[in-house]
Amino acid sequence: MLLEELPLEVIRAIITFLPCKEIIQVVSVVCSDFYVQQRDERLWKLLYDKRFHLALSDTSPSVKSWKKLCHFLEQGVWWDKWGKGLTVTNHCYTIMSTPNIDPNTYYLSLTSAPFSREPFYKRYFEILIEELPAGGEVCVGLASEMDVTQQSFTPDQVPIYGYRSNATATYTSRSLIFGKEYTVGDRIGVNLGFDYMTVTFFKNDIMQGTPWVNLPKECIWPIVGIKGQGVKVTLILPPRLTP
């Protein structure tokens, strides 16, 4: 059977196995029929359902371009595992605390993928503080996936090599004065140095320092911890290269 004799549904299914970049740059120039297919939003909706739907809880029908969304998701990561006191919106880029959470507990969320050890891979991410009511706290940093399986902790047991909004660097019961306080509108960056397993923090592109060195090799998961009601943070994607 020739390629042009295949049913349209079969062709679409085959195309969805390819990376988004190849669909856009390679498949589209194979022939006029393929060019038309890669412009068809039905193809990209099929790809979204097949590749990303299980990882995303926000499947709003208001999406204007499934093609742009799929291409965007393939380039980055999103909040994927979160504690029961948290909820996500904006296709899992924004995470917030629910009204009925324990105000004295930290609830944690991991991203969908860890940092890669491959050379030249992006090892930097940022969060934007959208809402931080009085009494609320944010802790952002790196952790081992094995350490955060329960996803909720008392403030003195949070297993994040992190930077808290109250200007401290903490890991479980270890704490030191670090950096500047951050609040609504601030962007907090986290950079992992694989050579010596260090983590460096930034506030609005200004380096705050490197409070943690010689991290365990498993601590390569971007993570955020939220304490208090009404706290809201957004993961900024795609990740930028190391500043």
Side-chain angles (χ1 to χ4, degrees), residues 79 82-83 85-86 94-97 101-111 114-115 123-148 150-236 239-243:
W79 300 124
W82 52 87
L86 305 177
T94 299
I95 194 160
M96 65 189 75
S97 51
I101 67 168
D102 181 348
N104 298 311
T105 297
Y106 260 96
Y107 296 85
L108 311 184
S109 176
L110 285 167
T111 56
F115 281 130
R123 299 165 184 163
Y124 179 87
F125 75 100
E126 290 182 343
I127 63 168
L128 171 66
I129 310 301
E130 304 247 23
E131 297 179 19
L132 188 59
E137 288 183 11
V138 174
C139 181
V140 62
L142 300 170
S144 164
E145 186 181 24
M146 295 180 294
D147 288 340
V148 297
Q150 71 183 66
Q151 298 179 326
S152 62
F153 297 85
T154 58
D156 62 344
Q157 292 298 320
V158 178
I160 301 176
Y161 288 92
Y163 172 24
R164 292 192 184 183
S165 52
N166 61 0
T168 59
T170 61
Y171 176 72
T172 60
S173 59
R174 296 159 58 187
S175 178
L176 61 143
I177 297 174
F178 173 79
K180 295 183 179 181
E181 293 185 3
Y182 55 87
T183 187
V184 174
D186 288 329
R187 290 181 294 105
I188 305 303
V190 182
N191 187 81
L192 172 62
F194 263 120
D195 291 343
Y196 300 100
M197 289 303 292
T198 61
V199 58
T200 302
F201 296 99
F202 299 79
K203 175 185 176 183
N204 300 325
D205 296 323
I206 299 174
M207 187 171 70
Q208 302 298 296
T210 305
W212 305 117
V213 297
N214 297 321
L215 274 65
K217 293 183 178 180
E218 297 79 18
C219 291
I220 55 177
W221 286 84
I223 191 169
V224 68
I226 289 176
K227 182 174 80 72
Q229 300 175 353
V231 180
K232 180 179 179 182
V233 301
T234 292
L235 183 66
I236 298 178
R240 291 162 34 176
L241 290 173
T242 303

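Counting from 1, the numbers follow the sequence of the chain as shown.
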Atom [atom1] of [X] and atom [atom2] of [Y]: how far apart are they, to the nearest 0.5 Å?
X	Y	atom1	atom2	value
E126	N191	CD	CG	10.5 Å
L142	W212	CG	CH2	12.0 Å
T198	L192	OG1	CG	6.5 Å
Y107	I226	OH	CD1	11.5 Å
Q229	D102	CD	CG	9.0 Å
E181	E137	CD	CD	10.0 Å

For the residue pair [X] and [Y], establish whether any side-chain heavy-atom pair is separated by less than 4.5 Å.
X	Y	value
V213	Y196	no
T170	F178	no
T172	F153	no
L108	P159	yes
V233	I188	no
F201	P211	yes
K232	V184	no
M197	N214	no

Contact summary for [X] and [Y], nearest pair of heavy atoms:
X	Y	answer
G225	I160	N-CD1, 4.0 Å
T183	I129	O-CB, 3.3 Å
S97	G228	OG-O, 2.7 Å
G141	F125	O-CZ, 3.7 Å
I127	V224	CD1-CG2, 4.2 Å
Q208	G179	OE1-CA, 3.5 Å

Count the heavy atoms of every other residue, nucleotide or ligand shown that sit under 6.0 Å from CD1 of I177, and state whether that count exceeds 12.
->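 No.
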In sequence, state the C-alpha distance, the side-chain angles, and the governing distance for V158 and K227, and then conclude on side-chain contact (heavy atoms from CB on, under 4.5 Å).
-> CA-CA 11 Å; V158 178; K227 182 174 80 72; over 6 Å; no
Could you walk me through whether Y182 and N204 pass the side-chain contact (heavy atoms from CB on, under 4.5 Å) check?
-> CA-CA 10 Å; Y182 55 87; N204 300 325; over 6 Å; no
Sub-6.0 Å ring centroid separation between Y161 and Y171 |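 Yes, the ring of Y161 comes within the 6.0 Å limit of the ring of Y171, centre to centre.
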Run through I101, V138, L86 and flag the one making a side-chain contact (heavy atoms from CB on, under 4.5 Å) with V231.
-> V138
Worked check of side-chain contact (heavy atoms from CB on, under 4.5 Å) between I220 and F194 | CA-CA 9 Å; I220 55 177; F194 263 120; 3.6 Å; yes
